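Remarks on the structure that follows.
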Protein chains: 2
Amino acid sequence: MLKNTFSYRYKKAITMKTVTEMTGLSERQVRYWEEKKLVFPERTSSGIRRYSFSDIELLMNIAEKRRLSLN
Amino acid sequence: MLKNTFSYRYKKAITMKTVTEMTGLSERQVRYWEEKKLVFPERTSSGIRRYSFSDIELLMNIAEKRRLSLN
DNA sequence: CGTGTAAGGAATTCTGACACG
DNA sequence: CGTGTAAGGAATTCTGACACG
């Protein structure tokens, strides 16, 4: 059961559109932060990025910290 | 923490391609079982289906039962 | 540096239908 | 009944580049 719990959180299964909707970030931002080695999506065989819920939380944390540093 | 655990499992965030890869089912099968009221994905504003990990487990359970009944 | 955007192509998704059995 | 498939269109995703500041 615990094992499954973790797999839900870390399983890379979510595509870009859903990520931008859940985080409020733009595609550009999400890809840029990947370029900066802040997030590491997997890729499907055709090159589509797939993120985990954990990745999404990470992105939201980064965004929040950035907001705080700007104010 | 527990609340988050459940949200990972039930959050509708996964699109068709990933579902077919995780379940081994065809798109046709997944859509047909929806037609039969066995699974209930959400839809994005543009009409794209989104499934949860729970949905995927359900689909795998259905597939497994079907396999057993055929043997 | 961090992000928006237009460009062009490729992969994904959708529906309704026909086929087979 | 349950599933495959071809059709056509729409939405998504990708990369590399230019722009701005």
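All values derive from a computational prediction rather than experimental measurement. Residue numbering restarts at 1 for every chain, and letters A, B, ... go by the order of the sequence lines.
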Presence of salt bridge, A:Arg31 and A:Glu27, under 4.0 angstrom: yes
Euclidean distance, atom CD1 of residue B:Ile48 to atom C1' of C:dA11 [Å, nearest integer]: 12 Å
Are any of the side-chain heavy atoms of A:Arg50 and A:Thr44 separated by less than 4.5 Å? yes
Rounded to the Å, how far apart are B:Gln29 CD and D:dT5 C1'? 14 Å
Out of D:dA17, C:dT13, D:dA11, which has the shortest distance to the side chain of B:Ser46? D:dA11
Nearest-Å distance, OH (B:Tyr51) to C1' (C:dT12)? 13 Å
Can B:Met22 and B:Phe53 be said to form a side-chain contact (heavy atoms from CB on, under 4.5 Å), step by step? CA-CA 10 Å; B:Met22 290 182 69; B:Phe53 284 120; 4.0 Å; yes
Would you find a donor on one side and an acceptor on the other, under 3.5 Å apart, between the side chain of B:Lys12 and the backbone of B:Phe40? yes
Using only atom types and a distance under 3.5 Å, with no angle test, would you say the side chain of B:Thr18 pairs donor to acceptor with the backbone of B:Ile14? no
What integer distance in Å separates B:Glu35:CD from C:dA17:C1'? 13 Å
With the side chain of A:Arg49 defined as its heavy atoms from C-beta on, choose the nearest nucleotide among D:dT15, D:dG2, D:dA11. D:dT15
Take atom CD1 of A:Ile14 and atom C1' of C:dT12, then tell me their distance rounded to the nearest Å. 17 Å
Presence of A:Tyr32 side-chain N/O under 4.0 Å of C:dT3 phosphate oxygens OP1/OP2: no
Heavy atoms under 4.0 Å, any strand shown: does B:Arg50 hit a base, just sugar-phosphate, or nothing? nothing
Whether B:Arg49 and B:Glu34 form a salt bridge (side-chain N of Lys/Arg under 4.0 Å from carboxylate O of Asp/Glu) is what I want to check. yes
Determine: side-chain N/O of A:Thr15 to OP1/OP2 of D:dT13, distance under 4.0 Å, yes or no. yes
From A:Ile56 CD1 over to A:Thr20 OG1, what is the distance, rounded to the nearest 0.5 angstrom? 9.5 Å
Find the distance A:Leu38:CG to C:dT3:P and express it as a whole number of Å. 10 Å
What nucleotide among C:dG2, D:dC14, C:dT15 has an atom nearest to a side-chain atom of B:Arg31? C:dT15
Pair assignment for D:dA6, Watson-Crick or G-U wobble, requiring both distances under 3.5 Å: none
Rounding to a whole Å, what distance do you find between A:Trp33:CH2 and C:dG2:P? 10 Å
Which ones in residues 16-26 of chain A lie close to DNA chain D, meaning a heavy atom under 4.0 Å from one of its atoms? A:Met16, A:Lys17
For atom CD of B:Glu27 and atom C1' of C:dC14, their distance in whole Å: 9 Å
On DNA chain D, check which nucleotide each of B:Ser45 and B:Arg28 is closest to and give me the residue with the more 5' one. B:Arg28
